[in-house]
Protein chains: 2
Amino acid sequence: MLRLSKLTDYAIVVLARLGHAQCGGRVAAVPELALASGLAEPTVAKVLKILAQSGLVEGLRGARGGYKLARKLEDIPLSEVIQAFEGPIALTACVDGGHGGCESEGCCPVRGRWDPVNRAIRDALAGVTVAQLANTPPARQCAAPALTF
Amino acid sequence: MLRLSKLTDYAIVVLARLGHAQCGGRVAAVPELALASGLAEPTVAKVLKILAQSGLVEGLRGARGGYKLARKLEDIPLSEVIQAFEGPIALTACVDGGHGGCESEGCCPVRGRWDPVNRAIRDALAGVTVAQLANTPPARQCAAPALTF
DNA sequence: TCAAATAGGACTTTTGGCGTCCGGTTTCCA
DNA sequence: TGGAAACCGGACGCCAAAAGTCCTATTTGA
């Protein structure tokens, strides 16, 4: 299934909700986002912590704090979100510049040939933005927030 | 890391070795392939069983039996190998025509938007053959087998 | 008839994802 | 100035899926 981790999946949803909430420049706190996305609070908190560490969202501490997007959703490529949660985008660990991780490194006939495949996948994921995944055309959403939520 | 399972990884290596061994029309048995690839025999056996079930290799039973490629390596796209071991190529389970698997199906803002992403990745993987991954130009390999092994 | 080899399934072990929780720090407001 | 609200960072335990192994049945050639 080539599956993304659940946290990555949640991250897309949370980012989308954050985009919703942020139209007026407000910041959104974890409980609010958890409620809106239907996820548990500790899970949403974990997702946002990772997103903050990778610079995709910005955390504001203290009372009346919360999170806000560091960039607009249409400026966040999917590849960056995936990299934040899954590390470098590559199908196998044995390439990617790594050495010593594979016990049959010397005799492996496939060694070093995955790079074009990995690059193709990276490009595919870099060409999609979170805004495209989330069904949130920014103009309409901000014009009529009461309707979309 | 978007990681493939180890079995998928092994499958590429085993297919490459099978391509090596098969130049003279011979079949290769599990112990031989395990030795050549540096993997444990039970593991290689498991890999080949799955490959046989998906029609990528053909198993010949009985004494002097073994496995042979159902197609040439250059006719086996990477996507088919991955599908044999990982199932349909898609980054998330919630799309792909599936219903009922996601508890927040009704309110998920990302629903149904992964299809272009999945398609792009499928195309990327379908455009690479096992022969390209394995460093085995068929002509030279069969002309001088003593050198390549 | 025996040995060699695949076919198919079941079983155990192990790994890593996942969810949760806690203590610490920062900031706002009364 | 004190308390509440919120983020920050890390650690812990559970559990499902992967991974590896093994066993038995079946087939085939010498």
Side-chain angles (χ1 to χ4, degrees), chain A residues 1-11 13-14 18 21 26-35 37-70 82 84-87 92-93 101-103, chain B residues 1-11 13-14 18 21 26-35 37-70 82 84-87 91-93 101-104:
Chain A
M1 178 67 78
L2 212 59
R3 156 128 120 299
L4 295 179
S5 76
K6 285 194 178 185
L7 285 186
T8 310
D9 213 349
Y10 297 160
V13 177
V14 169
L18 201 49
R26 292 188 305 112
V27 301
V30 168
E32 173 188 349
L33 289 170
L35 197 65
S37 56
L39 301 171
E41 281 193 26
T43 303
V44 173
K46 188 174 199 172
V47 166
L48 285 167
K49 274 185 272 190
I50 297 174
L51 286 173
Q53 282 177 340
S54 51
L56 292 173
V57 304
E58 190 180 342
L60 305 175
R61 304 177 73 159
R64 305 283 183 192
Y67 288 94
K68 65 175 190 177
L69 293 172
I82 294 179
F85 286 85
E86 325 249 348
T92 53
C102 180
E103 65 274 6
Chain B
M1 179 66 81
L2 213 61
R3 157 129 121 296
L4 296 178
S5 76
K6 284 194 180 185
L7 286 186
T8 311
D9 213 350
Y10 298 159
V13 177
V14 169
L18 201 49
R26 293 189 305 114
V27 300
V30 168
E32 173 188 350
L33 290 171
L35 198 64
S37 55
L39 301 171
E41 281 193 26
T43 302
V44 173
K46 191 176 196 171
V47 166
L48 284 166
K49 275 185 270 192
I50 295 175
L51 286 172
Q53 282 176 339
S54 51
L56 293 174
V57 304
E58 189 179 341
L60 305 174
R61 303 175 72 158
R64 304 283 183 194
Y67 289 94
K68 65 176 189 178
L69 293 172
I82 293 179
F85 286 85
E86 323 249 350
L91 287 182
T92 55
C102 180
E103 64 273 9
S104 53

From [atom1] of [X] over to [atom2] of [N], roughly how many Å is that when rounded to an integer?
| X | N | atom1 | atom2 | result |
| --- | --- | --- | --- | --- |
| Glu41(B) | dG20(D) | CD | C1' | 14 Å |
| Arg3(B) | dG16(C) | CZ | P | 7 Å |
| Leu48(A) | dA6(D) | CG | P | 14 Å |
| Glu32(A) | dC7(D) | CD | C1' | 15 Å |
| Ile50(B) | dG9(C) | CD1 | P | 12 Å |
| Glu58(B) | dT28(D) | CD | C1' | 15 Å |
| Leu18(A) | dC7(D) | CG | C1' | 14 Å |
| Leu33(B) | dA5(C) | CG | C1' | 13 Å |

Note to self: For a quick check of understanding: with a heavy-atom distance under 4.0 Å over all strands, which category does Ala40(A) fall into, base, sugar-phosphate or nothing?
What the structure shows: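 Since only primed, P, OP1 and OP2 atoms lie under 4.0 Å of Ala40(A), the category is sugar-phosphate.
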Notebook entry, point to check: Hey, which of these two, Arg61(A) or Leu60(B), hits DNA chain C nearer its 5' end, going by closest nucleotide?
Noted result: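 Result: Leu60(B).
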Note to self: Quick check on DNA chain C: between Ala63(A) and Thr43(A), whose nearest nucleotide comes earlier from the 5' end?
What the structure shows: Thr43(A)
Identify which nucleotide among [options] has an atom closest to any side-chain atom of [X], counting heavy atoms from C-beta outward.
| X | options | value |
| --- | --- | --- |
| Tyr67(A) | dT20(C), dC8(D), dA7(C) | dC8(D) |
| Val30(A) | dA5(D), dC7(D), dG19(C) | dC7(D) |
| Tyr10(A) | dG9(C), dA6(D), dG19(C) | dG19(C) |

Margin query: Does Lys49(B) contact dG8(C) through a side-chain donor or acceptor facing the base, at a distance under 3.5 Å?
Written below: yes
Margin query: For a quick test of reading the model, state the closest non-hydrogen atom pair linking Leu18(A) to Ala28(A) and the distance between them.
Written below: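 Shortest heavy-atom contact: CD1-CB, 3.7 Å.
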Next item on the list: Mind listing the closest non-hydrogen atom pair of Thr8(B) and Glu86(B) along with its distance?
Entry: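 Of all heavy-atom pairs spanning Thr8(B) and Glu86(B), the closest is OG1-OE2, 2.6 Å.
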Next item on the list: Just do the side chain to side chain contact (heavy atoms under 4.5 Å, CB included) check on Tyr10(A) and Val13(A) with the steps written out, would you?
Entry: CA-CA 5 Å; Tyr10(A) 297 160; Val13(A) 177; 5.6 Å; no
Next item on the list: Would you check if Leu4(A) and Asp9(A) make a side-chain contact, meaning some heavy-atom pair closer than 4.5 Å?
Entry: no
Next item on the list: For side chain to side chain contact (heavy atoms under 4.5 Å, CB included), just list the numbers for Tyr67(B) and Lys49(B), CA-CA rounded to whole Å, side-chain angles, deciding distance to a tenth of an Å, and then say yes or no.
Entry: CA-CA 10 Å; Tyr67(B) 289 94; Lys49(B) 275 185 270 192; 4.0 Å; yes
Check: If you pin Arg64(A) and Lys46(A) to their nearest nucleotides in DNA chain D, which one's is more 5'?
Finding: Arg64(A)
